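These notes are about the structure you will find just below.
Here the structure is a predicted model, which means the values were calculated and not measured. Residues take their numbers from the sequence shown, with the count starting at 1.
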Amino acid sequence: PRYSSPGASPDASMSMSMSSPKAGAGREGSEAAMAELLAAIDDGSLSGVQARGLERRGASLRQGLAYAMSTGHIAAVFALAGCGARLEDNPRVATAKELLSLASRLDWPGVAYHAAMAADVVGAP
């Protein structure tokens, strides 16, 4: 399902250039890192440690998160959100009513994103 949580739009995140390099990372290096990130999301092997390493090489965790949510890769959503990736610049934790609304629409990636973000906010492991 498409992500439709209040206050967030992965379409905006996905429209950012995938090749925009981070400081110290060359364009080709960041493109390769982004390709590795997307491949790890697709094959279900992404870990938080791997995501952080790819981020250091120039991959955008925000774009990866938007991709994972739009393709329904829930484990990757948890890994990326657990690394601090957010769809919004100033995210807020969803209310219980909003989470139930997401769940009723079977938007499990949205539920996973907000659950991971809430765990980060309250400091849960």
Side-chain angles (χ1 to χ4, degrees):
R2 299 278 300 161
Y3 182 69
S4 57
S5 178
S9 171
D11 293 333
S13 295
M14 292 298 284
S15 68
M16 298 181 328
S17 171
M18 286 179 43
S19 63
S20 58
K22 293 192 96 153
R27 180 182 180 110
E28 289 178 13
S30 64
E31 287 177 354
M34 195 66 207
E36 282 183 51
L37 176 64
L38 297 178
I41 291 169
D42 283 336
D43 70 22
S45 67
L46 184 69
S47 70
V49 171
Q50 181 184 19
R52 287 286 187 204
L54 291 168
E55 181 181 38
R56 281 191 295 276
R57 291 179 38 213
S60 167
L61 298 189
R62 179 182 242 180
Q63 283 184 277
L65 177 61
Y67 176 76
M69 291 183 72
S70 70
T71 56
H73 290 91
I74 295 172
V77 170
F78 276 118
L80 292 163
C83 288
R86 299 292 182 261
L87 295 175
E88 313 87 17
D89 290 329
N90 297 305
R92 64 175 181 78
V93 176
T95 65
K97 185 176 181 178
E98 290 168 334
L99 284 174
L100 289 173
S101 176
L102 290 171
S104 72
R105 292 190 315 259
L106 301 178
D107 184 357
W108 300 118
V111 172
Y113 170 70
H114 284 287
M117 193 169 60
D120 188 44
V121 169
V122 297

Which heavy atom of Gly72 sits nearest a heavy atom of Pro109, and at what distance? CA-CG, 3.7 Å
What distance separates Leu80 CG from Ser47 OG, expressed to the nearest 0.5 Å? 10.0 Å
Hey, could you give me the CD/CG distance between Gln63 and Leu87, rounded to the nearest 0.5 Å? 11.5 Å
Heavy-atom pair with the smallest gap, counting every atom of Tyr113 and Ala85: CE1-O, 4.1 Å
Return the set of residues passing side-chain contact (heavy atoms from CB on, under 4.5 Å) with Ala103 (not counting sequence neighbours), or none when no residue passes. Trp108, Val111
Quick one: does Asp42's side chain get under 4.5 Å of Tyr67's, heavy atoms only? yes
Taking all non-hydrogen atoms of both residues into account, name the closest pair between Ala51 and Cys83 and its distance. CB-SG, 4.1 Å
Taken to the nearest 0.5 Å, the spacing of Ser104 OG from Leu99 CG works out to 11.0 Å
Answer whether the closest heavy-atom distance between the side chains of Met117 and His114 falls below 4.5 Å. yes
Please list, chain by chain and in numerical order, all residues satisfying side-chain contact (heavy atoms from CB on, under 4.5 Å) with Ala76, sequence neighbours excluded. Ile41, Leu46, Ala68, His73
I'd like to check the salt bridge (charged side-chain N to carboxylate O under 4.0 Å, His left out) partners of Glu36; sequence neighbours left out, ordered by chain and number. Arg57
According to salt bridge (charged side-chain N to carboxylate O under 4.0 Å, His left out), who are the partners of Asp43, at least two apart in sequence or on a separate chain? none
Working to the nearest 0.5 Å, report the span between CG of Leu61 and CG of Leu37. 6.5 Å
Is there a path of hydrophobic side-chain contacts, each under 4.5 Å between heavy atoms of I, L, V, M, F, W or Y residues, that connects Leu106 with Leu102? yes
Heavy-atom closest pair, residues Ala118 and Val93: CB-CG1, 3.8 Å
So, for Met34 and Gly64, which heavy atoms are closest and what is the spacing to 0.1 Å? CE-N, 3.8 Å
Main-chain N/O of Arg62 paired with Arg86 side-chain donor or acceptor, under 3.5 Å: no
Listed partners of Asn90 passing side-chain hydrogen bond (donor to acceptor under 3.5 Å, both in side chains), at least two apart: none
